[in-house]
Amino acid sequence: MRNLPEVDRPVYNARMTSPSTARDRILLTAHDLFYQHGVRATGIDRVIAEAGVTKVTFYRHFPSKHELILAYLEHRHALWMSWFQDALQRHGSTVAALKPALAEWFQDPRFRGCAFINVVGELGEELPQVRDVARQHKEEMARVVAGLLPASRQRKAKAWAIALAVDGAIVQVQMGVPVALATGSFGRLVQGLSG
C-alpha cells in the first residue's frame, strides 16, 4: 500500500495539547474510550479515572452517561467533518477525492468504523436521540458530497447514493475487507454515480 500524506487534523487524535477544563478532559477521554471500546463497554468509572477527575466533577458536567454520549457524538461530528473536508481538499476537492480520503481514514490503525453507526447499533432503541444525531451527521456528510458534484437536478440524489456507498465501505472495512478492495469497489460505484 502506498504511503499516505501525514494528516494535520487526524480523525482520532482529539487530544488537545493541554485540555483547559475538566469538562474537556472528560469529553476527550470519553471520545477515545467510546470510539475504541464502545459506549456500553466503557463505564463511567473508567472515564472518571482516565480523565483524572472526581465523580462530583464528572456529574457536575455530565449528569448522566447518556448526556456524555450525546456530547461525545457532537464532538465526534465536529472533529470528523473538519477532517473530512480537509482531506477532500488535500485530495483535490472533486468527487474523485472521496476514494483517497476514505483510504487515508481506513488505514489508520485506530479506525473502528463510523462512531455514529456504532452508537446507533449499540443504543438506537435505548437512546433514540442518537439516531437523530447520527441522521444529522449523515445529512451533513451528504451535503459535503453534493458540493463535490456538478450542478444538476440529480445532484442531491447522487450525493445520497454516494453517502450510502461511503457507509457501505466503512462497514466492509470494519468487518475486515481489505482497504484496497473496499476503496476500489467504492471508487467504481462513485464513478458510475457521478458520471
Side-chain angles (χ1 to χ4, degrees), residues 1-12 14 31 35 69-108 110-125 127-195:
M1 191 102 297
R2 68 184 177 85
N3 289 334
L4 295 169
E6 195 65 34
V7 180
D8 292 333
R9 289 184 279 166
V11 176
Y12 310 100
H31 173 273
Y35 186 70
I69 292 165
L70 294 172
Y72 153 66
L73 290 174
E74 181 181 312
H75 175 72
R76 180 67 181 192
H77 171 73
L79 187 68
W80 195 89
M81 290 305 300
S82 176
W83 168 83
F84 186 54
Q85 291 172 324
D86 181 64
L88 292 172
Q89 185 176 17
R90 283 185 283 105
H91 291 290
S93 296
T94 67
V95 73
L98 286 163
K99 180 180 171 184
L102 290 177
E104 181 181 294
W105 180 33
F106 296 162
Q107 292 179 72
D108 188 298
R110 296 162 292 187
F111 174 79
R112 297 290 179 272
C114 172
F116 299 88
I117 293 171
N118 294 346
V119 174
V120 168
E122 286 191 76
L123 295 177
E125 295 301 316
L127 184 60
Q129 298 99 311
V130 301
R131 289 188 305 226
D132 296 333
V133 172
R135 191 176 309 110
Q136 290 167 4
H137 171 75
K138 297 300 182 179
E139 287 170 358
E140 186 167 339
M141 183 187 72
R143 279 193 296 276
V144 170
V145 170
L148 302 172
L149 296 168
S152 77
R153 291 185 311 170
Q154 296 298 314
R155 183 186 217 176
K156 187 174 181 179
K158 287 180 179 183
W160 273 108
I162 291 169
L164 182 64
V166 168
D167 287 341
I170 292 168
V171 172
Q172 290 293 306
V173 173
Q174 190 175 12
M175 293 187 319
V177 171
V179 171
L181 178 59
T183 57
S185 297
F186 172 79
R188 285 187 289 284
L189 283 170
V190 169
Q191 190 174 26
L193 289 167
S194 61

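Heavy-atom contacts from other residues, nucleotides or ligands closer than 6.0 Å to CD of E74 number 12 or fewer.
In this structure, CZ on R153 lies 11.0 Å from NZ on K158, to the nearest 0.5 angstrom. Separation of atoms CD1 (I69) and CG (L123) is listed at 5.0 Å; rounding is to 0.5 Å. Note: D86 CG to R90 CZ = 4.5 Å, rounded to the nearest 0.5 Å. For the atom pair CE (M81) and CZ (R143), the distance works out to 8.0 Å, reported to the nearest 0.5 Å.
Between L164 and W160 the shortest side-chain heavy-atom distance does not fall below 4.5 Å. Using a 4.5 Å cut-off on side-chain heavy atoms (C-beta onward), V173 and W105 make no contact. At a threshold of 4.5 Å between non-hydrogen side-chain atoms, the residues I170 and F106 count as touching.
Here the closest non-hydrogen pair linking G92 and A97 is N-CB, 4.3 Å. W83 and E104 make their closest contact through NE1-OE2, 3.1 Å (heavy atoms, listed as atom of the first residue, atom of the second, distance). Between V95 and L149 the shortest heavy-atom distance is CG2-CD2, 3.9 Å. When all heavy atoms of Q129 and L70 are compared, the pair lying nearest together is CB-CD2, 3.9 Å. Closest non-hydrogen pair, Q174 versus C114, comes out as OE1-N, 4.4 Å. Here the shortest heavy-atom pairing between P100 and H91 reads CB-ND1, 3.5 Å.
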Name the atoms and distances for all side-chain donor-acceptor pairs under 3.5 Å in residues 182-190, with sequence neighbours left out.
residue : atom : partner : partner atom : Å
T183    : OG1  : V179    : O            : 2.8
S185    : OG   : L181    : O            : 3.1
S185    : OG   : R188    : NH2          : 3.4
R188    : NH1  : G184    : O            : 3.3

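In terms of modelled atom types and a separation under 3.5 Å, the side chain of D167 and the main chain of K138 share no donor-acceptor contact. Counting only distance, with no hydrogens or angles, the side chain of Y35 and the backbone of G113 share a donor-acceptor pair below 3.5 Å. When atom types are taken as modelled, the side chain of Q107 and the backbone of A103 share a donor-acceptor pair closer than 3.5 angstrom.
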Quiz item: Can you check side-chain contact (heavy atoms from CB on, under 4.5 Å) on V119 and R76, steps first, answer last?
Solution: CA-CA 12 Å; V119 174; R76 180 67 181 192; over 6 Å; no
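Applying the ring pair (Phe, Tyr, Trp, His ring centres under 6.0 Å) test to H137 and every residue at least two apart in sequence or in another chain returns H77, W80, F116.
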